Amino acid sequence: MSPNDAPENTQARQQFYDAIEPESMRALWSVMAGIITPEPKSDCIPFKWRYSSVRARLLEAAELITAKEAERRVLILENPGLAGSSKVTTSLYCGVQCVMPGEVAPAHRHTQSALRFVLESAGGFTAVGGEKTEMSFGDFVITPNWAWHDHGNDTNEPIFWLDGLDIPVVQFFDASFAEGLGEDQQPITRPTGDSTARYGANMLPLGYAQHTPTSPIFNYPYARSRDALEQMRKYEEWDPCHGLRMRYINPVDGGWAMPTIGTCLQLMPKGFQSAPYKSTDATVYVGVEGRGRLRVRDEVIDWGPRDVVVVPSWHEIIHETAEDAVLFSYSDRPIQEKLGLFREHRGNA
Ligand code: GTQ
C-alpha cells in the first residue's frame, strides 16, 4: 500500500473514531496520510511583497505611532497561506522595520534570534551586547538570542531594514523569554568595530573558546561581501542552479553565522537562466541589485531591488535575469542540517 492511501471508512469505524475522541485518542491509520506525507506539504505559498508598497505603508505607520511607543515599528510580511500566524514560512518570520530621524527603538532582549538586512539607510545604528554598529545598505547584521539590542537613527532620513527572526521555531519549542531594559539605550561598553577586529580579520584571539553557537561578528558589511562576489565572477564559474552563491559563516567554526537561520548572498550575471532547483528549506529572497524573475512551480514572480519573495519548501524554482542581479536569502537550513532533514534536488526530474 502506498503511504498515501487511507483505509476506507465504514460506519463501524467512524463510530469507533467518534467514541475514542472524547478519551483523547485518535486512530493513526485514519490520519496517517495527512501527517506522514510522501513529500513536503505546506500551507505556505509563493508570494512577493513590493518594496515600494511596504515602504509607503511604513511611512503611514510613522504618522500613527512612534518607534518608542510601538517598541518596534515593524510591518510583518505574513504569508497569505499562513494568515494570522505572523509567519513568512512555517518556521520563520519576516518584517520590515522603520526608524524615523531622531527616533530610538528601546533596548530589549529575547530568546528569538534576529537578522537585519539593511534596505535603506543614511547611517542609522543598532547596538548589540554593548557595541554599536552603523547600518548601511546591504549590511547583514545579527542580534543573537538573549543579546540586548536597541536601534537608533541620528540621521535626517528614515531608515528601513528587513527583520528575519526564528519566532515560529521558538514558539514551536515553547521557549520564549523576553524582557525590556527599561532604558532607551543599553550602556556601550566596547568601541564600534571591536568585534570585527577581534573576529573578522581571519584571526581569533589566541585561546578563544567558543561559548555560543552564534557568530561573534555581528555586522557583515555589504561592501566586503559584494566585493568578494565581484572578484570571483572573473572565473565565470557559475553554479547552474545559483550563479555565484556564498553563505555567511561563523568564523569560529565555519558553520552558518546563526544557529537557526542560514543566510546567503548570490550574484547572477545578465542573461542567466538557472537549472531547476528545489530544497526542503523554504527560503526568503530579498532583491539587492538588478532585476530578475523567479519561476516557482507554475508562478512567474518578477522582482526588483528590495522586493521580498518567499519560496515554500520543495517548490522547484528557476532564476532568470535580464541584468546583473544580486539576491540575499535566508532559511531554516542550519536547523534542518543539524537534524538530518535537509534535502535538495538539482536539475530536472
Ligand atoms: O528589532 O528587536 O521585527 O524584537 C520583531 C521583533 C524586530 C527587534 C522584529 C523584534 C524586533
Side-chain angles (χ1 to χ4, degrees), residues 58 61-62 64-76 86 92-119 121-136 139-155 157-171 173-200 210-221 250 257-261 263:
L58 273 165
L64 295 174
I65 193 162
T66 62
K68 192 167 172 173
E69 190 190 351
E71 189 158 333
R72 297 294 184 264
R73 187 197 292 110
V74 175
L75 293 180
I76 299 171
S86 301
L92 294 175
Y93 159 104
C94 182
V96 179
Q97 182 158 176
C98 168
V99 183
M100 297 297 282
E103 284 191 324
V104 290
H108 72 190
R109 64 178 177 175
H110 37 68
T111 48
Q112 292 80 2
S113 300
L115 69 84
R116 328 283 170 193
F117 188 77
V118 183
L119 300 173
S121 171
F125 70 86
T126 187
V128 177
E131 183 180 338
K132 260 186 174 182
T133 188
E134 192 173 297
M135 299 216 273
S136 304
D139 291 356
F140 159 52
V141 178
I142 300 174
T143 308
N145 156 357
W146 209 237
W148 291 109
H149 53 289
D150 51 85
H151 320 298
N153 180 356
D154 39 26
T155 77
E157 304 293 332
I159 298 174
F160 301 87
W161 66 80
L162 178 136
D163 287 321
L165 282 86
D166 55 9
I167 292 171
V169 174
V170 176
Q171 197 171 35
F173 289 113
D174 287 333
S176 177
F177 293 89
E179 63 185 10
L181 184 63
E183 306 278 342
D184 283 355
Q185 293 184 243
Q186 65 190 290
I188 298 303
T189 56
R190 288 178 293 131
T192 295
D194 188 66
S195 60
T196 300
R198 284 170 197 268
Y199 313 111
Q210 188 171 15
H211 60 281
T212 120
T214 307
S215 169
I217 300 177
F218 74 110
N219 190 345
Y220 294 71
N250 177 344
M258 302 170 72
T260 49
I261 308 181
T263 48

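Just so you know, these numbers come straight off a predicted model, no measurement behind them.
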Check: Is it true that a side-chain atom of Q186 and a backbone atom of G130 form a donor plus acceptor pair closer than 3.5 Å?
Finding: yes
Check: S121 side chain to M135 main-chain N or O, any donor-acceptor pair under 3.5 Å?
Finding: yes
Going from [atom1] on [X] to [atom2] on [Y], what distance comes out if it is rounded to the nearest 0.5 angstrom?
X	Y	atom1	atom2	answer
S113	N145	OG	CG	4.5 Å
M258	T263	CE	OG1	7.5 Å
K132	D150	NZ	CG	8.0 Å
L115	W161	CG	CH2	12.5 Å
W146	T212	CH2	OG1	15.0 Å
L58	I159	CG	CD1	13.0 Å

Next item on the list: Applying side chain to side chain donor-acceptor pair (under 3.5 Å) between N219 and each of T196, T126, T133, report the one that passes.
Entry: T133
Sequence neighbours excluded, which residues qualify as side-chain hydrogen bond (donor to acceptor under 3.5 Å, both in side chains) partners of [X]?
X	result
T111	none
T155	N153
E71	H108

Compare every heavy atom of [Y] with every heavy atom of [X], then report the nearest pair and how far apart it is.
X	Y	value
P106	K68	CD-CA, 4.0 Å
A257	I142	CB-CD1, 3.8 Å
P216	S195	O-CB, 3.4 Å
P221	D139	CA-OD1, 3.3 Å
S86	I76	OG-CD1, 3.7 Å
G123	D154	O-OD1, 3.7 Å

Check: For residues 122-131, which residue pairs qualify under salt bridge (charged side-chain N to carboxylate O under 4.0 Å, His left out), counting only residues two or more places apart or in two chains?
Finding: E131-R190
Item checked: Pairs involving residues 97-119, ordered by first then second residue, that meet salt bridge (charged side-chain N to carboxylate O under 4.0 Å, His left out) (sequence neighbours left out) -> R73-E103, R109-E179, R116-D163
Checklist line | Sequence-distant partners of Y220, ring pair (Phe, Tyr, Trp, His ring centres under 6.0 Å), two or more places apart | finding: F140, Y248
Heavy-atom distance under 4.5 Å between the side chains of [X] and [Y], does that happen here?
X	Y	value
H149	F218	no
L92	L165	no
T143	V128	yes

Margin query: Are there over 12 heavy-atom neighbours, none belonging to R198, within less than 6.0 Å of that residue's CZ?
Written below: no
Checklist line | Residue pair L162, C94: steps toward the side-chain contact (heavy atoms from CB on, under 4.5 Å) verdict | finding: CA-CA 7 Å; L162 178 136; C94 182; 3.6 Å; yes
Next item on the list: Taking atom types as modelled, find out whether Q171 and S176 have a side-chain donor-acceptor pair closer than 3.5 angstrom.
Entry: no
